[in-house]
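Each remark here refers to the structure printed beneath this line.
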Amino acid sequence: MNSIFEKIRSQIETAIKNAVSAAVTKGKLPDIELPAIMIEKPREEAHGDFSTNIAMQMARQARKAPVQIAHIILEEIDYRDTYIVRAESAGPGFINFFLNNDWLYEALILIDKKKEQYGEVDIGRGEKVMVEFVSANPTGPLHMGNARGGALGDCIAGVLQKSGYTVTREFYINDAGNQIEKFGISLEARYLQQIHGENNIPFPEDGYHGEDIIDHVKDYIKQYGEKLVSVSSDERRKVLVEYALPKNLKCIKDGLSRYGIEYDVWFRESSLYDGEIDETIEILKQRGYIIEKDGAVWLNGEKAGLEKDEVLIRQNGYPTYMAADIAYHRNKFLKRGFSRVINLWGADHHGHVNRMKAAMEAIGIPGEKLQIVLFQLVRLYRGGEIERMSKRTGRAISLDDLLDDVGVDAARFFFNMKTAGSHLDFDLDLAIEQSNNNPVFYVQYAHARICSILRKLTEEGVTRKAIEDIKINLLTQPEELALMKKLAELPEEVAASAETLEPSRLTRYVIDVASDFHSFYNACRVKCEDEDLLQARLLLVDSTRIVIKNVLGIIGINAPEKM
RNA sequence: GUGCCUGUAGCUCAGCAGGAUAGAGCAACGGCCUUCUAAGCCGUGGGUCAGGGGUUCGAAUCCCUUCAGGCACGCCA
């Protein structure tokens, strides 16, 4: 049993089931199939620690008023040997349960026992899951979209790991196909412009206009001179791409590494061109999903359940991005045996979601095994104004610029504060503000404060006793109870984050923990006269420290011991 | 035009396998430091859950519709 909550839920569930069947035996209730018992935490304290709406759910089938059913259940309910001390019906038919504090004390014991493993759950049972994220084109620097996708993807992966999944973090390198072609053309044009003058060489309309392309060719010329003028265009592009691509890739790797992201696999799109794309097309053909028209190879949209047909192999014989992507996902599922694949995409790719799911079905893989987390793009604010360009370089703000400005902790924290689907306004001023306005500092401060208390007590020669010797039940103040209750929630917060693929709820959770701690800190002194109480509070703050540290670890930010 | 996403307090956002009086932070206002870090705490005010229908004992949550904003509809990725 990982979570005290599981234990409580199962106690309540059992009590209700037994009560219902007792009532049925006595003829008080008709023998109907019991709906799934939902147990929730009421918002209002007066409504108990836990409540269930089972009486209301049974009402229709049982042909009795909810309140009446609730009363019948309460007549029969037996909660000896549980945490429950009182149960009562309320409102339209809720049954509210009031617990004694033992479960909170047990939560502290559990935290003390599991330490840095506290919060881990095993809903994944080792299932092999891949999280593919960022996968930025290696044709330029990382931008804000990549920054958000990176923070989200890394945290989703982290949360899944803590939930018992075997997780692989993967970056898909788009080092083939059209965009590399365009990259080459762009580099070539800039190269020739450097040598023959900007006005004498046209720059292609659909090329990459970024300054970084010019930087690359300048660097190249500095190092190798103008010898590419005399070779063929094909050769020129090839050499320039081979020069610039690894540099870009290194930039991406370094940037992400600085951001705290380490991948297990860097997968090259080009590796699919050795046959896997052809194999994939062949399978689609055998399964009857291919049509040929206008000199190209198409995925049959009607058969696949899509609005229109999609080109897979162009007239010129080159596969499209989609063809490569289908082959890539076939590789993930069939060649490497992932049973679930999670991709993080910017919202501008949402049109691709159904296409890919349909394509998976077409090659015989259930579409729901591919999960796409779409995230909305980011707007940066500074001084209340939208910020588009870096003041320093005059270019679009890159991940590196962001990290220079606000640091890794603030960036990762902010990107994980809101759900992926929400538009995100990133306030650059707030992120570097050292005040209670800034939630990153608020949480880190709570951790540092605890460490300071522990440090001070250690200096004064106070050491914590073994857990068995601590009278935890001295913790009875409202602020102590609220804090313990919050700490007890971690395992199920982790599980819920994993199930919904929304790590942002953990970020909000840890803000709550910090808040409950600060309230406790103001209401209760750890260093107090009563030796036993001191020991109990020492355990409580140390447990709080562990919880904050564990969550910050998942989000991937520091838990400073001093501030 | 078609499809997808979003719309909740002044601002930024939670809540949305239907449940009790819709929450938090910030901003505003008023308090709290001779005691473990005031980067903190306590309190007050603030809402037509975009509008309108419908389903239900019960709707911010589900369905329909209108409006507003964003995005996608390429032999781009």
Side-chain angles (χ1 to χ4, degrees), chain A residues 36 38 40 42-44 46-47 51-53 56-57 59-60 65-66 90-94 96 135 137 139 174 177-179 181-182 206 269 294-298 307-325 345-355 374 376-377 381 384 414 417-419 421-427 430 433-446 448-457 459-460 462 479 502 504-505 508 511-512 514-515 517-528 534 537-538 541 562-563:
Chain A
M38 284 166 38
E40 52 184 30
R43 219 180 6 252
E44 290 288 320
H47 296 148
S51 77
T52 179
N53 61 352
M56 289 180 278
Q57 291 195 300
R60 189 185 293 267
F94 289 100
N96 296 333
S135 298
N137 268 337
T139 51
N174 301 113
N178 220 37
Q179 73 281 2
E181 205 68 18
K182 261 201 303 199
D206 62 344
E269 178 185 356
D294 307 331
V297 175
W298 302 67
E307 282 174 15
K308 52 187 179 56
D309 302 331
E310 298 290 338
V311 175
L312 296 177
I313 308 285
R314 301 187 182 90
Q315 260 181 356
N316 64 13
Y318 288 114
T320 60
Y321 170 83
M322 187 171 175
D325 219 17
W345 292 349
D348 53 335
H349 287 74
H350 79 254
H352 197 49
V353 174
N354 281 336
R355 284 201 290 274
L374 293 175
Q376 295 294 328
L377 302 182
Y381 278 80
F414 272 60
M417 250 181 2
K418 290 162 191 181
T419 54
S422 71
H423 293 265
L424 192 142
D425 293 329
F426 196 118
D427 187 333
L430 178 60
E433 203 173 307
Q434 305 206 352
S435 78
N436 61 343
N437 297 346
N438 185 343
V440 187
F441 280 86
Y442 183 80
V443 174
Q444 290 183 322
Y445 179 58
R449 227 179 188 186
I450 295 169
C451 291
S452 170
I453 296 172
L454 299 177
R455 219 167 24 238
K456 215 141 231 161
L457 287 170
E459 283 167 11
E460 294 175 16
V462 179
E479 291 82 4
E502 279 292 358
S504 63
R505 67 180 296 152
R508 289 189 297 271
I511 294 173
D512 281 349
S515 169
F517 166 73
H518 286 309
S519 296
F520 157 81
Y521 179 89
N522 253 258
C524 312
R525 286 185 57 80
V526 177
K527 242 171 79 181
C528 56
L534 187 155
R537 287 185 173 161
L538 197 47
V541 296
K562 277 184 187 172
M563 282 175 78

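So that the names make sense, note that chain A is the first sequence line, chain B the second, and so on, each numbered from 1. Everything quoted here is computed from the prediction, not taken from an experiment.
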Look at all strands and tell whether A/Ala448 reaches a base, only sugar-phosphate, or nothing, counting heavy atoms closer than 4.0 Å. base

Counting only side-chain N and O atoms of A/Arg314, is one of them less than 4.0 Å from OP1 or OP2 of B/A77? yes

Describe the nucleic acid contact of A/Ala347 in one word from base, sugar-phosphate, nothing, applying a heavy-atom distance below 4.0 Å. sugar-phosphate

Side chain of A/Asn438, backbone of A/Val440: donor and acceptor closer than 3.5 Å? yes

Within the structure shown, what part of the strands sits under 4.0 Å from A/Arg43 by heavy-atom distance: base, sugar-phosphate, or nothing? sugar-phosphate

Is any side-chain N or O of A/Ser422 closer than 4.0 Å to OP1 or OP2 of B/A14? yes

Where the chi angle of B/C29 falls, syn if within 90° of 0 and anti if not: anti

Inter-nucleotide C1' distance (B/A27, B/G74), Å rounded: 46 Å

Nearest to side-chain heavy atoms of A/Tyr442, which nucleotide of B/C13, B/U37, B/C41: B/C41

Contact class for A/Lys456 (heavy atom, under 4.0 Å): base, sugar-phosphate, or nothing? sugar-phosphate

For the pair made of CG in A/Leu374 and P in B/G70, what is the distance, rounded to whole Å? 19 Å

Please determine, for the side chain of A/Met563, which listed nucleotide (B/A39, B/A77, B/C75) has the closest atom? B/A39

When every non-hydrogen atom of A/His350 is compared with those of A/Leu374, the smallest separation belongs to CB-CD1, 3.4 Å

Are more than 12 heavy atoms, taken from residues, nucleotides or ligands other than A/Tyr318, located less than 6.0 Å from that residue's OH atom? no

Contact nearer the 5' end of RNA chain B, comparing A/Asp294 with A/Asn354: A/Asn354

From CH2 of A/Trp345 across to C1' of B/C4 the rounded distance in Å is 14 Å

P gap between B/A14 and B/G25, integer Å: 16 Å

Any base atoms under 4.0 Å from A/Gln444, or only sugar-phosphate, or nothing? Heavy atoms, all strands. nothing

With a 4.0 Å cut-off on heavy atoms, is A/His350 in touch with a base, just the backbone sugar-phosphate, or nothing at all? base

B/C64 and B/A59: how far apart are their C1' atoms, nearest whole angstrom? 15 Å

Please give the distance between the C1' atoms of B/G15 and B/U61 as a whole number of Å. 9 Å

Side chain of A/Arg508, backbone of A/Met417: donor and acceptor closer than 3.5 Å? yes

Considering heavy-atom distances to RNA chain B, does A/Leu424 or A/Gly295 have its closest nucleotide positioned more toward the 5' end? A/Leu424

Under 3.5 Å donor-acceptor pair, A/Asn96 side-chain atoms to B/A20 base atoms: yes

Base, sugar-phosphate, or nothing: which does A/Ala90 touch, judged by heavy atoms less than 4.0 Å apart? base

Measuring to OP1 and OP2 of B/A38, would you say a side-chain N or O of A/Tyr521 lies under 4.0 angstrom away? yes

Using a cut-off of 4.0 Å on non-hydrogen atoms, how would the nucleic acid contact of A/Arg525 be classed: base, sugar-phosphate, or nothing? base

Does B/C76 have OP1 or OP2 sitting under 4.0 Å from an N or O in the side chain of A/Asn178? yes

Partner lookup for B/G1, please. Criteria are Watson-Crick or G-U wobble with both distances under 3.5 angstrom; report none if nothing qualifies. B/C73

May I ask you to say what A/Lys562 touches in the nucleic acid, namely base, sugar-phosphate or nothing, with a heavy-atom cut-off under 4.0 Å? base

What distance, rounded to whole Å, do you find between the two C1' atoms, one in B/G7 and one in B/C16? 14 Å

Using a heavy-atom cut-off of under 4.0 Å over every strand shown, decide if A/Tyr318 touches base, sugar-phosphate, or nothing. nothing

Under a 90° cut-off about 0 for the syn range, is B/A17 syn or anti? syn

When both distances are under 3.5 Å in a Watson-Crick or G-U wobble arrangement, the nucleotide paired with B/U12 is B/A24

Mind checking A/Cys524 for me? I need base, sugar-phosphate or nothing, with any heavy atom below 4.0 Å counting as a touch. base

Would you indicate what A/Asn53 reaches in the nucleic acid, counting non-hydrogen atoms under 4.0 angstrom: base, sugar-phosphate, or nothing? base

Gap in Å between the two P atoms, one belonging to B/A24 and one to B/C42, rounded: 12 Å

Mate of B/C41 where both pairing distances stay under 3.5 Å, Watson-Crick or G-U: B/G31

The Watson-Crick or G-U wobble partner of B/C67, with both key distances under 3.5 Å, is B/G7

From the set B/G3, B/C36, B/A20, return the single nucleotide nearest to any side-chain atom of A/Val526. B/C36

What does A/Gln179 touch in the nucleic acid at a heavy-atom separation under 4.0 angstrom: a base, only the sugar-phosphate, or nothing? sugar-phosphate

Write down the distance separating the P atoms in B/U66 and B/A60, rounded off to the nearest Å. 22 Å

A/His518 (side chain) donor-acceptor with A/Ser515 (main chain) under 3.5 angstrom: no

Is it the case that A/Arg449 places NZ or CZ above or below the six-membered ring of A/Tyr521, under 6.0 angstrom from the centre and within 45 degrees of the axis? yes

For A/Arg355, answer base if it contacts any base atom (sugar-phosphate contacts may also be present), sugar-phosphate if it contacts only those atoms, and nothing otherwise; contact means non-hydrogen atoms under 4.0 Å. base

If you measure from the ring centre of A/His423 to the centre of the six-membered ring in the base of B/G70, is it under 5.5 Å, with the planes under 30° apart? no

Think A/Thr419 has a side-chain N or O under 4.0 angstrom from the OP1 or OP2 of B/C13? no

Between B/A77, B/C13, B/A14, which nucleotide has the shortest distance from any of its atoms to the side chain of A/Arg508? B/A14

Is the base of B/A20 touched by the side chain of A/Ser51 through a donor-acceptor pair closer than 3.5 angstrom? yes

